[in-house]
Amino acid sequence: MKNSKKPKVLFILGPTGSGKTEIAVRLAKKYNGEIISADSVQVYKEFDIGSAKVTKNEMGGITHHGIDIKSPIEEFSVYDYVQYTLQKVEEITKKGKLPIIVGGTGLYVKSLIEGYNFGDAEKHQEFRANLEEEIKSHGLDYVYQKLCQKDGKLASTIDKNNPARVIRAFEIASYGSGKKKTNDCKYDFKLIAITLKRETLYYKINARVDKMIEDGLIEEVKSLYKKYGESVQPMKAIGYKEILPYLKGEIQKQNMIDLIKQHTRNYAKRQLTFLRGIDNVRYIDNNDRDRAFLNACKEIEEWLKV
RNA sequence: AGGGGUGUAGUUCAUCGGUAGAAUAAGAGUCUCCAAAACUCCUGAGGUGGGUUCAACUCCUACCACCCCUG
């Protein structure tokens, strides 16, 4: 942390609906920063309303990275995110500006601050598809048992009920070189989390979902569905996946809206849980926005001095 | 008003004259390549008052609430 050769990077974290976007833009203006989003859905073009993507207006002239960088049919993973962000931070730092990473995708953030090295087992699409087929036909346990035979040590470290983990472990067992993981964070970072009382946060989330519907979320999904189908990655996000059954006439409108609200609340809760697992996070209550901004400034100035 | 029905967890629904089960919500948690994903754990209940009984959520009864039918 004290290593002054490492570039300084500011993180603004917090659950969805906490108001991090607004405060981050204000901070970027004050400290000559550029924003890099840490959001697994906002990377996709055209998925605007449901992902609560920052609008041009909200950006307030601040440069934003990591938004609209992928077509909906493309894949994007933590690994890609880390590559992208390392690059952007370097560019911004070179310009003498402060990189501000803003977002709620916990793993993206954690990967950066803990300097995850994702190893050398690349993704093999076909291999994965085959495993998925096998899980479908023989069950997850069958595949897990196979993994145990191939690499019992690796198998014992993962959750055998979790298909995603089992598939990934199998991939590592098959293609990885077994090189040890080495983590190495490249930044002198400051973590600030924007929070709200649970009750307030839930209230805001519910209101925001209603607003999204008003703003034409259903139309957005309808046109995206027509264009890309339902299997593209961002279509699995909250606010999208719930609308598909509604469009097909399988559930009622109000039902669908309530589901989006519920899933968003669940998600916010998980984000908070994830945050708790990260050290050195400074929490700032955003009930009073101006006060929250000033508190953030205080924290940041102390950190910039070091 | 008369007749019938239903009252069990926040909600939907089980079961049983002898420790009341589940689904779902809520809550907590896990996390090194789909993470807005995937997975794990878990609090919590028989309307009210009487009666029968060793024992009532269960049977009887009154009341209350809700629903349906008739007028």
Side-chain angles (χ1 to χ4, degrees), chain A residues 13-18 37-44 47-53 70 72-85 103-125 127-129 131-132 135 140-141 144 154 157-172 174-176 179-185 198-199 202 205 208-209 212 217 221 230-243 255 258-278:
Chain A
L13 315 173
T16 184
S18 61
S37 157
D39 188 300
S40 64
V41 181
Q42 294 192 13
V43 293
Y44 288 105
F47 283 70
D48 300 334
I49 300 172
S51 71
K53 198 178 281 175
K70 285 280 162 184
I73 57 169
E74 290 180 275
E75 292 229 347
F76 190 76
S77 70
V78 199
Y79 176 79
D80 302 314
Y81 177 74
V82 170
Q83 297 307 308
Y84 177 85
T85 304
T105 301
L107 184 60
Y108 285 10
V109 169
K110 199 173 177 189
S111 302
L112 288 171
I113 62 182
E114 297 194 356
Y116 282 170
N117 181 336
F118 286 103
D120 53 3
E122 281 177 25
K123 293 219 277 181
H124 293 71
Q125 239 23 264
F127 179 80
R128 290 180 153 249
L131 277 182
E132 267 170 51
I135 288 174
L140 181 58
D141 195 57
Y144 180 72
L154 179 62
T157 64
I158 63 156
D159 178 0
K160 64 181 162 76
N161 293 317
N162 194 326
R165 300 268 150 69
V166 173
I167 290 175
R168 177 60 187 159
F170 220 118
E171 200 168 39
I172 290 169
S174 307
Y175 297 102
K179 225 169 41 184
K180 228 182 128 203
K181 285 184 279 196
T182 49
N183 296 337
D184 166 36
C185 178
R198 183 73 64 95
E199 214 183 323
Y202 282 5
I205 284 172
R208 194 175 69 172
V209 171
M212 285 175 178
L217 178 58
V221 178
E230 55 187 298
S231 58
V232 295
Q233 199 171 307
M235 207 46 114
K236 293 171 189 160
I238 297 166
Y240 293 93
K241 64 171 179 231
E242 295 85 356
I243 292 184
N255 212 313
D258 289 343
L259 262 182
I260 296 176
K261 288 177 181 174
Q262 185 192 314
H263 289 163
T264 310
R265 279 183 261 126
N266 292 160
Y267 172 53
K269 197 171 75 175
R270 262 179 282 125
Q271 286 178 303
L272 289 167
T273 302
F274 201 89
L275 268 180
R276 265 176 240 144
I278 298 177

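Values in this document were obtained by computation on a predicted structure and should not be read as measured data. Protein chains get the first letters and strands the later ones, always in sequence-line order, with residue 1 at the start of each.
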Rounded to the nearest angstrom, tell me the gap between atom [atom1] in [X] and atom [atom2] in [N].
{"X": "Leu259(A)", "N": "A25(B)", "atom1": "CG", "atom2": "C1'", "value": "11 Å"}
{"X": "Gln233(A)", "N": "A36(B)", "atom1": "CD", "atom2": "P", "value": "10 Å"}
{"X": "Lys53(A)", "N": "A36(B)", "atom1": "NZ", "atom2": "P", "value": "15 Å"}
{"X": "Tyr79(A)", "N": "U32(B)", "atom1": "OH", "atom2": "C1'", "value": "13 Å"}
{"X": "Glu132(A)", "N": "C34(B)", "atom1": "CD", "atom2": "P", "value": "10 Å"}
{"X": "Ile73(A)", "N": "C34(B)", "atom1": "CD1", "atom2": "C1'", "value": "16 Å"}
{"X": "Glu75(A)", "N": "C34(B)", "atom1": "CD", "atom2": "P", "value": "8 Å"}
{"X": "Leu131(A)", "N": "C33(B)", "atom1": "CG", "atom2": "P", "value": "15 Å"}

How would you label the contact of [X] with the nucleic acid (heavy atoms, under 4.0 Å): base, sugar-phosphate, or nothing?
{"X": "Phe76(A)", "result": "sugar-phosphate"}
{"X": "Tyr202(A)", "result": "sugar-phosphate"}
{"X": "Gly50(A)", "result": "base"}

Taking OP1 and OP2 of [N], is either one under 4.0 Å from a side-chain nitrogen or oxygen of [X]?
{"X": "Ser40(A)", "N": "A37(B)", "result": "no"}
{"X": "Tyr84(A)", "N": "C33(B)", "result": "no"}
{"X": "Gln262(A)", "N": "A25(B)", "result": "yes"}
{"X": "Lys241(A)", "N": "A37(B)", "result": "yes"}
{"X": "Arg270(A)", "N": "C31(B)", "result": "no"}
{"X": "Thr273(A)", "N": "G29(B)", "result": "yes"}

- Interface residues of residues 160-169 of chain A with RNA chain B (non-hydrogen, below 4.0 angstrom): Asn161(A), Asn162(A), Pro163(A), Arg165(A), Arg168(A)
- Only pairs at least two apart or in different chains count here, so list each salt bridge (Lys or Arg N to Asp or Glu O under 4.0 Å) that has a residue in residues 259-278 of chain A. Asp210(A)-Lys261(A)
- Got a sec, which residues hit ring pair (Phe, Tyr, Trp, His ring centres under 6.0 Å) with Tyr44(A), two or more places apart in sequence or on another chain? none
Of the nucleotides [options], which one has an atom closest to the side chain of [X]?
{"X": "Arg198(A)", "options": "A36(B), G27(B), A35(B)", "answer": "G27(B)"}
{"X": "Arg265(A)", "options": "A26(B), C39(B), C33(B)", "answer": "A26(B)"}
{"X": "Tyr108(A)", "options": "A26(B), A36(B), A35(B)", "answer": "A35(B)"}
{"X": "Lys269(A)", "options": "G29(B), G27(B), A35(B)", "answer": "G27(B)"}
{"X": "Phe274(A)", "options": "C31(B), C34(B), A36(B)", "answer": "C31(B)"}

What pairs with [X] under side chain to side chain donor-acceptor pair (under 3.5 Å), at least two apart in sequence or on another chain?
{"X": "Asp48(A)", "result": "Lys53(A)"}
{"X": "Glu242(A)", "result": "His263(A)"}
{"X": "Asp141(A)", "result": "none"}
{"X": "Asn255(A)", "result": "none"}

- Assign each of Tyr240(A) and Ser77(A) to its nearest nucleotide of RNA chain B by heavy atoms, then name whichever residue's nucleotide is nearer the 5' end. Ser77(A)
- Message: With nearest nucleotide decided by heavy atoms, which residue, Asp159(A) or Ser51(A), maps closer to the 5′ end of RNA chain B?
- Response: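 Its nearest nucleotide being more 5', the pick is Ser51(A).
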- Query: Taking the C1' atom of each, how far is A25(B) from U43(B), in whole Å?
  - Reply: 13 Å
- Message: Between Thr105(A) (side chain only) and Ser40(A) (backbone N and O only), is there a donor and an acceptor less than 3.5 Å apart?
- Response: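 Between the backbone of Ser40(A) and the side chain of Thr105(A) there is a qualifying donor-acceptor contact (under 3.5 Å).
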- Query: Taking Glu171(A) for the side chain and Phe127(A) for the main chain, is one N or O donor matched with an acceptor at less than 3.5 Å?
  - Reply: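 Looks like no, no N/O pair under 3.5 Å.
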- When you check the glycosidic angle of G46(B), does it come out syn, meaning within 90° of 0, or anti? syn
- Kindly express the pairing pattern of RNA chain B in dot-bracket notation, using | wherever a base pairs with another strand and counting only Watson-Crick or G-U pairs under 3.5 Å. (((((((..((((....[..))))..((((.......)))).....(((((..]....)))))))))))).
Under 3.5 Å, which donor-acceptor pairs do the side chains of residues 160-167 of chain A form with other protein atoms, sequence neighbours left out?
unit_1	atom_1	unit_2	atom_2	d
Asn162(A)	OD1	Ala164(A)	N	3.3

- Kindly state whether the pair Phe118(A) / C33(B) counts as stacked, where counting means centroids closer than 5.5 Å and planes tilted less than 30° apart. no
- Task: Kindly compute the distance separating CZ (Phe274(A)) from CG (Leu107(A)), expressed to the nearest 0.5 Å.
- Result: 5.5 Å
Regarding [N], can its base be found pairing with the side chain of [X] as donor and acceptor, where the two atoms are less than 3.5 Å apart?
{"X": "Asn266(A)", "N": "A36(B)", "result": "no"}
{"X": "Glu171(A)", "N": "C34(B)", "result": "no"}
{"X": "Asn183(A)", "N": "U32(B)", "result": "yes"}

- Message: Hydrogens and angles aside, do Arg208(A) and Thr16(A) bring a side-chain donor and acceptor to less than 3.5 Å of each other?
- Response: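 The criterion, which ignores hydrogens and geometry beyond distance, is satisfied for Thr16(A) and Arg208(A).
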- Query: So, for Tyr84(A) and Phe76(A), is the gap between ring centers shorter than 6.0 Å?
  - Reply: no
